[in-house]
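Below is one structure, written out as structure tokens; the observations come after it.
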Amino acid sequence: MAYDPSAIEPRWQRYWDEHGTFRTPDSSDRPKYYVLDMFPYPSGQGLHVGHPEGYTATDILARYKRMRGFNVLHPMGWDAFGLPAENYAVRTGTHPAITTRRNIETFKRQLKMFGFSYDWEREIATTHPEYYRWTQWIFTLLYRQGLAYEAEVPVNWCPELGTVLANEEVTDGKSEIGGHPVIRKPMKQWMLRITAYAERLLADLEGLDWPESIKDLQRNWIGRSEGAEVDFPVVGSGRKLRIFTTRPDTMFGATYMVISPEHPWVDELATAGARQSVAAYRAESAAKSDRDRQTAKEKTGVFTGTYCRNPANGQRIPIWVADYVMMGYGTGAIMAVPGQDERDWEFAEVHGLPIVRTVQPPTDFTGKAYVGDGPAINSGFLDGLGVAEAKERMTAWVEAQGVGERKINYKLRDWLFSRQRYWGEPFPLLKLADGTVRVLEPDELPLMLPQVDTYKPAGTGEGPLATIADWIHTTDPVTGQTASRESNTMPQWAGSCWYYLRFVDPRNRQRAWDPDRERYWLPVDLYLGGTEHAVLHLLYARFWHKVLYDLGLVSTNEPFQCLRNQGMILGENGEKMSKSRGNVVNPDDVIADHGADALRMFLMFLGPLDRDKPWNPRGIEGLHRFLDRVWRLFCDEGETLSARVQDVAPDDASLRALHRCIADVTERTEKLNFNTAISAMMILVNELTQRDARPRAVLEPCVLLLAPYAPHLAEELWRLLGHGESLAYAPWPRSDERYLVQATVTYVVQINGKVRERLEAPADAGEDEVRALALASERVQKWLEGKQVRKTVFVPGKLVGLVVG
RNA sequence: GCCGGGAUGGCGAAACUGGUAGACGCAGGGGACUUAAAAUCCCCCGCUACGUCGUAGCGUGCCGGUUCGACUCCGGCUCCCGGCACCA
């Protein structure tokens, strides 16, 4: 009987389903382990081999942890709201719910073919009303906490398409679809006040077991900077222009001011003579996209005709308008210090403004603006102080004078939470006739998505929901007022912000989750996904989680204790897999040819989990061959076990190989070093293949080691060995120290650092003994001829080094 | 420009805290079995030179340093990938 995955695999998949093998109890004496994949968006393309890489990794860990005695929560669901289904609906008129259901079926069928040990009874979809009901509920919590508000903010408006686009849909100022121009247009939008949590989102990264690079991405995104806000009195008016600076120490060098073209005081500050040029400049920069502004070669700007007084030295300095200052950061106004700021220097050069150095550059400094450390100069009471000290002194002075205060700023902006879309969660609120907003009570949820005739945008910048008058306009049953609903829907991020919580209690109809279950399962012990979600998803989910924590609704401060990234599986040509590149590999085909077990193992064998790796069509054959070899260890021609598999005492060499393998596979699986765990198994199988005797005491642990990696084959072999039950909960083999220690070891002899000889020595030999052996070697003596040994280096079990001269 | 990550045979890769570079696999070569092929099993496989086993030299992107000894540590570069980008 030959190894036939196409027969074995569906049989075991059916077995697991029928026996509920992976159904997870919600309480248990066992320690818990929550291992979670970033759930997928079920696209119409189906899976390519890249998707299951991470899922295989988590599945190996889930299966391994079960065998180690953990109660494992390993669920899967669907992040199913989103644009592709909606765009498809616009083209074809098919309701996104239908497309979504169809895509989910395909994804699920494909995932099942891999034999992943998900508890499918916990499957959820963000688009299901019983799910988004609670997404809406969380929004009402945010609203009541004052963390959701409406504001006029610029959005990506595409006149040609008659719609607003998400940032992802805009490249180089053109729409992704059709390449039409996109402009910024202010519209009323719901915002979430994530900035209120900036400090905690930053500080709490410290305690997380995440890749340092991901933490860095989040730190940079949050962009904390310390400095001061200072008021500069406007000459000839009672007003004070407030600026933010991280370099208060350089204030004596502030030779002019700049305000952003969007600054509310632009009109007012422009004198009669300057009014026209200022207005023209403002119109000009409004027409520029963000991108144009950034790529401009030369810094532009115009003088307002008005002056400020520098509080540090009382000097009168001009106020300019320039678009290198952004309204969205700080106060939208700066003090320009060309001596210590490259941008200000550049601007000062172009517009002939004075430059004063207030930090002494080193003597060999040849550049323009000097941003490094050095003693303060031309700075009155700060002269001679280093940058840090001068900052501190100046900030204290500013506060003492009452002209400003210490201030911390963040790059992080509030989260634009509205989408002009159909296929998303409707906002659970009513805008009442009296101008107030009433968020819906839990028993009024879910606010269902209504049926629409067309999925096309309204053309006014509003989403398709705006066109359904009888849904938009309603009467509030509570207050009796006429009311209107929000025509925007929530972004796709919303549903993925809390799905890990719903998995602990996915069928609860009374509440979003049961507190006891949450306390039992949270936090997630291993969260695995791609780096593309390094910032947005992970930051948004952490934000919601902290709000829930503050409300006492979750018991942990952070949702994901341990995070790891999987790399990408690239096409054969080393490029990203995509339909347009024609290098997509379909797992259905690979499984048909080689089986799911071979594919799982190959995906893991390709290289380290977190690296990008190109697909190699020949490589899969190697893993198929390996599993074939495993099979032949157990079975030859017959329908049953080979006669060579016997209850005999194993020989020493087999036991050594086995225990070495147990130790290696265990350690490497724990560390997620799956590629080297697999090579450890290959070494064992190669060793056993060469032997005639197949002692059961060696083969059984061997099957268990393989089980997390190639579960179908392992189950089948386990059955052939006479076991009546699945091995999913069989105890993981333990390695025995006795078989790991060697009687003799190979020593290398280095002479002046170069390997000149290898020799066997007893494992417990001491330095003198090994050195004597080395010196006795003919080859070593040849290298020592006419020289003296000046020093000996001894590394137990490894090497003797002789330094001669 | 700034912040990450990477570079090791023909290819994917391994090497725990400085101590045998290339485990394991792919591709390639040779042999056994076979009428033959496939499959399987065994052996070889970094480069160069002399060459029979072998011996020596070189070799982990580049240049330099520390060390008896460096893929590993330090300084300076090059190229590739990802992220951010006039954030004051």
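Since this is a predicted model, take the numbers as computed values, not measurements. By convention in this document, chain letters (A, B, ...) are assigned in the order of the sequence lines, proteins followed by strands, and residues within each chain are numbered from 1.
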Has the side chain of A/K407 got a donor or acceptor atom that lies under 3.5 Å from a matching backbone atom of A/G330?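 Not confirmed, A/K407 side chain does not pair with A/G330 backbone.
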Ignoring hydrogens and angles, tell me if any N or O in the side chain of A/K613 forms a donor-acceptor pair with the backbone of A/P608 under 3.5 Å.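 Yes; at least one donor-acceptor contact below 3.5 Å.
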Heavy atoms only, 4.0 Å cut-off, all strands: where does [X] land among base, sugar-phosphate and nothing?
X	value
A/L217	sugar-phosphate
A/R625	sugar-phosphate
A/R668	nothing
A/R618	sugar-phosphate
A/S225	sugar-phosphate
A/R611	sugar-phosphate
A/D344	nothing
A/R224	nothing
A/N675	sugar-phosphate
A/Q690	sugar-phosphate
A/G622	sugar-phosphate
A/W345	nothing
A/V793	base
A/L799	base

With a 3.5 Å limit on both atom pairs, tell me what [N] is paired to, counting Watson-Crick and G-U wobble, or say none.
N	value
B/rA21	none
B/rG28	B/rC44
B/rA38	none
B/rC79	B/rG6
B/rG69	none
B/rC50	B/rG54
B/rA88	none

Would A/N675 and A/R668 satisfy side-chain hydrogen bond (donor to acceptor under 3.5 Å, both in side chains), going step by step from the backbone distance to the final call? CA-CA 9 Å; A/N675 54 333; A/R668 294 167 186 184; over 6 Å; no
With syn defined as a glycosidic angle within 90° of 0 and anti as everything else, classify B/rG6.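 Because its glycosidic torsion lies more than 90° from 0, B/rG6 adopts the anti conformation.
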Six-ring centre of A/W221, A/R542 cation under 6.0 angstrom, axis tolerance 45°: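 Because its charged atom misses either the 6.0 Å distance or the 45° angle limit, A/R542 does not stack over A/W221.
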A/Y370 and A/W345 aromatic centres sub-6.0 Å: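 No: the rings miss the under 6.0 Å criterion.
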Please find out if less than 6.0 Å separates the ring center of A/F626 from that of A/F605.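 Between A/F605 and A/F626, which both carry aromatic rings, the centre distance is not below 6.0 Å.
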Given B/rA56, is OP1 or OP2 found less than 4.0 Å from the side-chain N or O atoms of A/W783?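 For B/rA56, OP1 or OP2 has a side-chain N or O of A/W783 closer than 4.0 Å.
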Does a side-chain N or O of A/K613 approach OP1 or OP2 of B/rC81 to a distance below 4.0 Å, or not?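 So the side chain of A/K613 is outside the cut-off, no N or O lying under 4.0 Å from OP1 or OP2 of B/rC81.
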Can you find a donor-acceptor pair, distance only, under 3.5 Å between A/Q750 side chain and B/rG19 base?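 Yes, a donor-acceptor pair under 3.5 Å.
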Polar side-chain contact A/K299-B/rC86 base: donor and acceptor under 3.5 Å: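 When only heavy-atom distances are counted, A/K299 does reach the base of B/rC86 through a donor-acceptor pair under 3.5 Å.
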